[in-house]
Amino acid sequence: MASKVLRAVVLGPPGSGKGTVCERIARSFGLQRLSSGRFLRESLRAGGEVGVLAKQYVERGLLVPDHVITRIVTAELEKRQGEPWLLDGFPRTLGQAEALDRICEPDLVISLHVPFETLKDRLSARWVHPASGRVYNRDFNPPHVHGVDDLTGEPLVQREDDKPEAVAARLRKYKEAAKPVMELYRSRGVLHSFSGTETNKIWPYVYALLCSKIPPVHAEEED
Ligand code: G5P
Ligand code: MG
């Protein structure tokens, strides 16, 4: 099979499993995962101009303004011209999708649909270690000791925006912003949607779709 440079996007609301699915795709197909959330967290830690601008939004779980996130992500993509990539969590608005098109139109868009109640439960079960950004989940990947970071032994906290009332508002806002993005990709015929309450059940379908586009570098792993 002729090797194809694949540029793929994984979309989905907060807590839908984008990070988990992207990790598996990256491992199985050797694609480079580019996470907008991770770039933002790195900018926050670096404390430069962009980090200061983004901080107030990220801490509250609000969408960072388009011009800020677009600047960060397009700079990363420009470094990788001609290479395959996998975008995790970008674009989330029509403005971002248009900015991405100016660099490269994605070949494949994976959209994760998880019921609202499941997302609410998942996010309100999330606990973080503020100093490192390590994320735990009470049910899916709990810390070794309840309420305590595995590596440092420091206490875990719940983000303000992961409390149930705040989660509902975040999910509503996500949906409004994402709708025109989905419509754009659907109209181009590149959108593939996957629904379910468990990442482990969605994964085999995502894997099969990717296999129809590029050869895997590692056989499917169970985890
Ligand atoms: P992020 O970092 O992109 P979110 O809020 O969109 O953050 P998050 O939390 O990273 O999304 P995810 O990647 O969709 O979620 O999901 P995940 O991390 O794989 O899984 C979520 C949790 O559920 C984990 O604890 C995981 O272990 C668990 N889990 C996964 N699957 C299952 C399952 O099957 N069962 C169970 N029980 N648990 C499971 O963005 C962070 C912030 O940056 C800004 C925003 O402020 C955003 O809030 N930002 C942007 N702003 C504007 N535009 C953009 N494009 C932006 N990108 C980021
Ligand atoms: Mg994520």
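Just so you know, these numbers come straight off a predicted model, no measurement behind them. Counting convention: from 1, in listed order, for ligands and their atoms alike.
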Open item on the list: Are the side chains of Tyr57 and Leu63 in contact, using a 4.5 Å heavy-atom criterion?
Closed with: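 No, too far: nothing below the 4.5 Å cut-off.
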- [ ] Answer yes or no: are there more than 12 heavy-atom neighbours, outside Arg38 itself, under 6.0 Å from its atom CZ?
- [x]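 Not buried by this count: 12 neighbours or fewer within 6.0 Å.
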Task: Within 6.0 angstrom of Phe116 CZ, more than 12 heavy atoms from elsewhere - done: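 Result for CZ/Phe116: enclosed.
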TODO: Assess the side chains of His129 and Thr152: does a donor N or O sit below 3.5 Å from an acceptor N or O?
DONE: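 Yes - a donor-acceptor pair under 3.5 Å links their side chains.
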TODO: Please determine which of Asp162, Asp121, Asp139 meets the salt bridge (Lys or Arg N to Asp or Glu O under 4.0 Å) test together with Arg126.
DONE: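 That would be Asp162.
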Could you tell me, for ligand 1, which of its N or O atoms are under 3.5 Å from any protein N or O, listing the pairs and their distances rounded to 0.1 Å?
from, atom 1, to, atom 2, distance (Å)
ligand 1, 2 (O), Arg41, NH1, 3.0
ligand 1, 2 (O), Arg41, NH2, 3.2
ligand 1, 3 (O), Arg92, NH2, 2.6
ligand 1, 5 (O), Arg170, NH2, 3.4
ligand 1, 6 (O), Lys18, NZ, 3.0
ligand 1, 6 (O), Arg92, NH1, 2.9
ligand 1, 6 (O), Arg92, NH2, 3.4
ligand 1, 9 (O), Arg126, NH1, 2.4
ligand 1, 11 (O), Lys18, NZ, 3.3
ligand 1, 13 (O), Gly19, N, 2.9
ligand 1, 14 (O), Ser16, N, 3.2
ligand 1, 14 (O), Gly17, N, 3.1
ligand 1, 14 (O), Lys18, N, 3.0
ligand 1, 14 (O), Lys18, NZ, 2.9
ligand 1, 15 (O), Gly15, N, 3.1
ligand 1, 16 (O), Gly17, N, 3.0
ligand 1, 19 (O), Gly19, N, 3.4
ligand 1, 19 (O), Thr20, N, 2.8
ligand 1, 19 (O), Thr20, OG1, 2.5
ligand 1, 27 (O), Asn141, OD1, 3.4
ligand 1, 31 (N), Thr199, OG1, 2.6
ligand 1, 34 (O), Arg122, NH2, 3.4
ligand 1, 34 (O), Thr199, N, 2.8
ligand 1, 34 (O), Thr199, OG1, 3.4
ligand 1, 46 (O), Leu62, O, 2.5
ligand 1, 51 (N), Val64, N, 3.0
ligand 1, 53 (N), Gln96, NE2, 2.9
ligand 1, 55 (N), Gly89, O, 3.0
ligand 1, 55 (N), Gln96, OE1, 2.9
ligand 1, 57 (N), Ser36, OG, 2.7
ligand 1, 57 (N), Arg92, NE, 3.4
ligand 1, 57 (N), Arg92, NH2, 3.2

Task: Value rounded to 0.5 Å, distance of CD in Glu176 from OG1 in Thr93 - done: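 Reported to 0.5 Å precision, the distance equals 12.5 Å.
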